[in-house]
Amino acid sequence: MPELPEAETIVRGLRPAITGRRIARAEVLKPDGLLESKRSFAPKGRGRTVARVERRAKNVLIVLDGGRRIAVNLGMTGRLLPFETPPRGARRPTHPAVRFRFADGSLLVFDDTRRFGTVECLTDEEWRSREARFGPEPLDDGFTAGMLHSALATSRSPVRSWLLDQRRIAGVGNIYAAEALFLSGVNPLRQARSIDGPEAERLHAALRDVLRGAIDEGGTTIRDYRNAIGGESGYARLLGVYGRDGAACRRCGSTVERAVLSNRSAFFCPTCQPAP
DNA sequence: AGTGTATCCTGCAGGC
DNA sequence: TGCCTGCAGGATACAC
């Protein structure tokens, strides 16, 4: 899926496109991703105006006036496209699941091929309790290397699994976990609590560099991901290890390896990231 | 506590 | 060309 940088890119693209628009109606074409019934969901946003568009973890939040927000988790293949007829070079929605029609005639389509994404319309109260389950935002000023180090110290979990757990850190997925571990020279199989202070500092810096760099590039397009205007984005060419198994490490020339950890691919350079 | 497995889905690439 | 297998940015539930 879209991880933090992709969700952030979508939010930034969506903001000018839909802020201030009034929702005329919500049409549910595929109810799978809806965490409530169509009949309950559809009326909630009707007549409401989009006050702001925000991101928390990998979720896109469309905050409405009157105290509700539409929370979209994009899953693996979710997209939010402010059109049905794509601009030049962008893709038409192929698997529209929910379509919002605004009073001025414009649209927002939640398109999701694999239908792992979810859409909800939550009250402030409901959102607050949901939000409490996410760990800190890695790009927040309050997220320090010291915090990361002490949080890692309590877990025996492999550090790659630790980074993917949204309750520990919000927004990191498989691509950026791989990249941050590569840049900091930490093997993905290392136990979280084995990471020492200097390593935690390097990992902290790498996480932030990688996430900021990917936001600057508008995210990483591997297969399905598209930004808010349906275009591809540029971080893919900067990847150090993700999806590069069998290729030469850009730093030392060793062959990048792939291992399976908790049923998901982990990519690493055996030289730059020595095994525990 | 943490891991492996399975599940929800569709689509694509690669091997034969 | 088709068929088969494995793989995919996520999240969750289950047994062990």
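Each chain gets a letter, A, B and so on, in the order the sequences are listed, and its residues count up from 1. Just so it is clear, the values below take in all heavy atoms, side chains as well, and ignore hydrogens, waters and symmetry mates. Please read all numbers here as calculations on a predicted model, not as lab measurements.
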How far, in whole Å, is [M] from [N] if one measures between their [atom1] atoms?
N      : M      : atom1 : answer
dC9(B) : dC3(C) : P     : 23 Å
dG4(B) : dA8(C) : P     : 15 Å
dA6(B) : dG6(C) : P     : 12 Å

Regarding dA8(C), can its base be found pairing with the side chain of Arg114(A) as donor and acceptor, where the two atoms are less than 3.5 Å apart?
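Side chain to base: pair found, below 3.5 Å.
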[atom1] of [X] versus [atom2] of [N]: gap in Å, rounded?
X         : N       : atom1 : atom2 : result
Leu261(A) : dT3(B)  : CG    : C1'   : 9 Å
Asp165(A) : dT12(C) : CG    : P     : 10 Å
Leu164(A) : dA11(C) : CG    : P     : 9 Å

Between CG of Asn59(A) and CZ of Arg69(A), what distance do you get to the nearest 0.5 Å?
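The distance works out to 11.5 Å.
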What I'd like to find out is whether the side chain of Glu201(A) reaches to under 4.5 Å of the side chain of Pro198(A), using heavy atoms alone.
no
Just the dot-bracket of DNA chain C, please: which string comes out with Watson-Crick or G-U pairs under 3.5 Å, [ ] for crossing, | for another strand?
.|||||||.|||||||
Closest to the Arg156(A) side chain: dG2(B), dT10(B), dA8(C)?
dG2(B)
Which part of the nucleic acid does Arg167(A) contact within heavy-atom distance under 4.0 Å: base, sugar-phosphate only, or nothing?
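The answer is nothing, as Arg167(A) stays clear of every strand by at least 4.0 Å.
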Within the stacking criterion (centroid distance below 5.5 Å, interplanar angle below 30°), does Phe116(A) stack on dG10(C)?
yes
